Amino acid sequence: MITLERQELVIRFPDIHPRAEARIAFQRTLRIPDDGRNYPLPPGMGNFPLHHVEDHPEKLPGKWARHGGVFMPMYQSEALWLSFGSGHHDYPIALQIAAGKINAVNGEPWKEDMQFDPQGYVVSNQQPWLDGFCVEKGKIRQFVAAPLGSGMSVEEQITGEAEFGGLQIKAWPLKAGVYEEMYRNRPSSSWSDDMVMVKCCMSEESAPMDMGLGMGGSMKQDIYDDTFRPEDWDTSASSRCYVHLLNSMSYAQVTGHLPPHRPYEAADYAAAGLPWFDYYSDRASIEGSEAFKGLKTWKDFQEKKDGSSVSIEPKSVVHLEEKPGLGRPVSQGDCF
Amino acid sequence: MNFGNLIRKSRLQAQSGDKSYSLRKTAARIGIQPSYLSKIERGELPPPGEEVICKLAKDLGLDTDVMLAMAGKVSSELLEVIRSRPELFATLLRELKSAPDHAVLKLVREVRDGEW
């Protein structure tokens, strides 16, 4: 089951294990420059507001109602990252993340089954966050919102169609017996509690605009190998959710609420000397997908250079490590 | 574990990996005096008001509802929900008083999945 709690998706499998829980938050962030450099991790600036699609059936596209799920507002060319947590427990949940039904981890079209080779998912208590499409080992291209139909989304570049947009998520729990066996002798404090991790924006009269995700600048980020065996996962149990992206300009018309303010520019943030982040873990990471190679990025679609792809120099980089027994979740949301 | 103990334990755990969780710096972020936070941690003063509890919970990565409950309080958000339909929610809470977690979860609104 998937619920919406405090602007987070909470995934639970109470029939599998009372501790089987994962949380996904969608963080607003800076769009990093698309200049060929690998940037450190940008900050989080608070969660995107999430709403049930079924609460606004008359103001949203009919296909959204068929898809079900939730929606959130994004400005054109705004960036986001996903943070993963295990609540107060440490139960591993496999999460398949797709944009426009293109798997962001292995670049393959959406599949309903778990993809073990090449790995097409992240594990909730092993992967603290996902900032974009895995293009190479240790490198991602930032998720950047683009109007569906503009040709900028990864979905459109790979399939030639502007059909889905948004984000799609599917989750599978570890088998209860495997969890009990592996975690029987561990201290009661949760793995996620012990881990240093970062959690820290058409016209109004026109119809709601569907957004997809394209590729932005490069960032250093590992997507970690699954340390469990395929047979350790309970593939008979799964939950899934469609996260629609609504153009922020239509948000007030649909919900009656003002959208979040526009995102800050990366250059302003860096000039202010505010922190960026670097994360280290000795876990093995997966290779990037060939499917993403050769795709155009955000800057390739800009007719005029507006200066937002000009290189910047992050002055302050906070190094974070996975240290059992030390640290705590640090909110990036209030640091700007 | 009481409210003060939990705050102290969580802060010290965070401080072991990040010096910004000293008593003085944590109090400064919350907007209270270090001596006040110290007395709360040692149980010499009762738990603070809802606003401070919420700031503490957020700063230390703790669950706000759990923290408020440990302090013997209910969030103003939940009070508003109950006040809007007092009879209905009073009955509901009494009925669920002894229900197991999985039964309560069945009443929670799920995100609807459709065809895609």
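Just so you know, these numbers use all the heavy atoms, side chains as well, and skip hydrogens, waters and symmetry mates. Given the structure is predicted, the values throughout are model-derived calculations rather than measurements. Order of the sequence lines fixes the chain letters, A, B, ..., with proteins taken first and strands second; residue numbering starts at 1 for each chain.
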Is the number of heavy atoms from other residues, nucleotides or ligands within 6.0 Å of [atom1] ([X]) greater than 12?
| X | atom1 | value |
| --- | --- | --- |
| B/Glu51 | CD | no |
| A/Glu112 | CD | yes |
| B/Lys9 | NZ | no |
| B/Arg85 | CZ | no |
| B/Gln33 | CD | no |
| B/Glu44 | CD | yes |

_Portion of B/Asp113 that has a non-hydrogen atom of chain A nearer than 4.5 angstrom_ = both
_Measuring only between side-chain heavy atoms, which start at C-beta, is A/Arg6 closer than 4.5 Å to B/Asp65?_
yes
*Are any of the side-chain nitrogens in B/Arg109 or A/Asp55 under 4.0 Å away from the carboxylate oxygens of its partner?*
yes
_Main-chain N/O of A/His52 paired with B/Arg112 side-chain donor or acceptor, under 3.5 Å_ = no
_Need one label for A/Lys101: side chain, backbone, both or neither, based on atoms under 4.5 Å from any heavy atom in chain B._
side chain
_Could you report the tightest heavy-atom contact between B/Val111 and A/Cys241, atom names first, then the distance?_
CG1-SG, 3.7 Å
*asked:* Among A/Lys63, A/Glu54, A/Glu163, which residue has the highest count of heavy-atom pairs closer than 4.5 Å to chain B?
replied: A/Glu54
*Which word best sums up how the rings of B/Trp116 and A/Trp110 line up, parallel for under 30°, tilted for 30 to 60°, or perpendicular for over 60°?*
tilted
